[in-house]
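A short worksheet on the structure shown next.
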Amino acid sequence: VQLQASGGGLVQAGGSLRLSCAASRRPSSSYAVGWFRQAPGKEREFVAAINWKGYSLRYADSAKGRFTVSRDDAKNSVHLQMNSLKPEDTAVYYCAAHRQSGSLRIVAPTTENEFEYWGQGTLVTVSS
């Protein structure tokens, strides 16, 4: 599956952005989707993930209470709503997909090596 991340941009601290991750076509399989980010000079880190049915949501501590991940399967897309943005949220944000099915509440993965497909990144810059 090919993924396309979008929605990045420049925003002031305290502002909001909504990132989207769209599949190039309706996948034949079901997928969990995760968001990761990589700040300049740092390793890529987990941000948020949602399981294949939307029943399991997982967040990094840095995202809890500020970011919300959701999915719209009718539009083959997953969104990351980011509120109360901070300068330390500045990074390239990537979405990734992991083939998943079975239990509605199967836990969404959170580590990079669990995700088979990756989109290109979208840059988020938060100014102070």
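Keep in mind it's a predicted model, so treat the numbers as computed, not measured. Below, all heavy atoms of this structure are taken into account, side chains as well, without hydrogens, waters or symmetry copies.
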Does any pair with a residue in [range] pass salt bridge (charged side-chain N to carboxylate O under 4.0 Å, His left out), and if so which ones, sequence neighbours excluded?
{"range": "residues 6-17", "result": "none"}
{"range": "residues 111-128", "result": "R44-E112"}
{"range": "residues 2-11", "result": "none"}
{"range": "residues 57-67", "result": "D61-K64, R66-D89"}

Going through the distances and angles, do S56 and Q100 end up as a side-chain contact (heavy atoms from CB on, under 4.5 Å)?
-> CA-CA 12 Å; S56 170; Q100 189 178 66; over 6 Å; no
Salt bridge (charged side-chain N to carboxylate O under 4.0 Å, His left out) with [X]: which residues, sequence neighbours excluded?
{"X": "D72", "value": "none"}
{"X": "E88", "value": "none"}
{"X": "K42", "value": "none"}

By side-chain hydrogen bond (donor to acceptor under 3.5 Å, both in side chains), which residues pair with S20, not counting sequence neighbours?
-> H79
side-chain hydrogen bond (donor to acceptor under 3.5 Å, both in side chains) filter on Q38, not counting sequence neighbours, yields none
Rounded to the nearest 0.5 Å, what separation is found between the CD atom of Q12 and the OG atom of S128?
-> 9.5 Å
To the nearest 0.5 Å, atom CG of N51 lies from atom OG of S101 at 11.0 Å
Least distance between heavy atoms, [X] atom then [Y] atom:
{"X": "A49", "Y": "P109", "value": "CB-O, 3.2 Å"}
{"X": "A97", "Y": "Y31", "value": "CB-CD2, 3.9 Å"}
{"X": "P40", "Y": "T90", "value": "CD-O, 4.3 Å"}
{"X": "T122", "Y": "G8", "value": "OG1-N, 3.0 Å"}

Those residues at least two apart in sequence (or on a different chain) that pass side-chain contact (heavy atoms from CB on, under 4.5 Å) with D73 are R71
Hydrophobic side-chain clustering at under 4.5 Å (ILVMFWY, transitive links): who's grouped with M82? Put none if nobody.
-> V11, L17, L19, V33, W35, V47, I50, L57, Y59, F67, V69, V78, L80, L85, Y93, V124, V126
Rest of the hydrophobic cluster containing Y94 (Ile/Leu/Val/Met/Phe/Trp/Tyr, side-chain heavy atoms under 4.5 Å)?
-> F36, F46, V92, F115, W118, L123
I'd like to know if the side chain of [X] and the backbone of [Y] have a donor-acceptor N/O pair within less than 3.5 Å.
{"X": "T68", "Y": "Q81", "value": "no"}
{"X": "Q120", "Y": "A5", "value": "yes"}
{"X": "N76", "Y": "A23", "value": "no"}

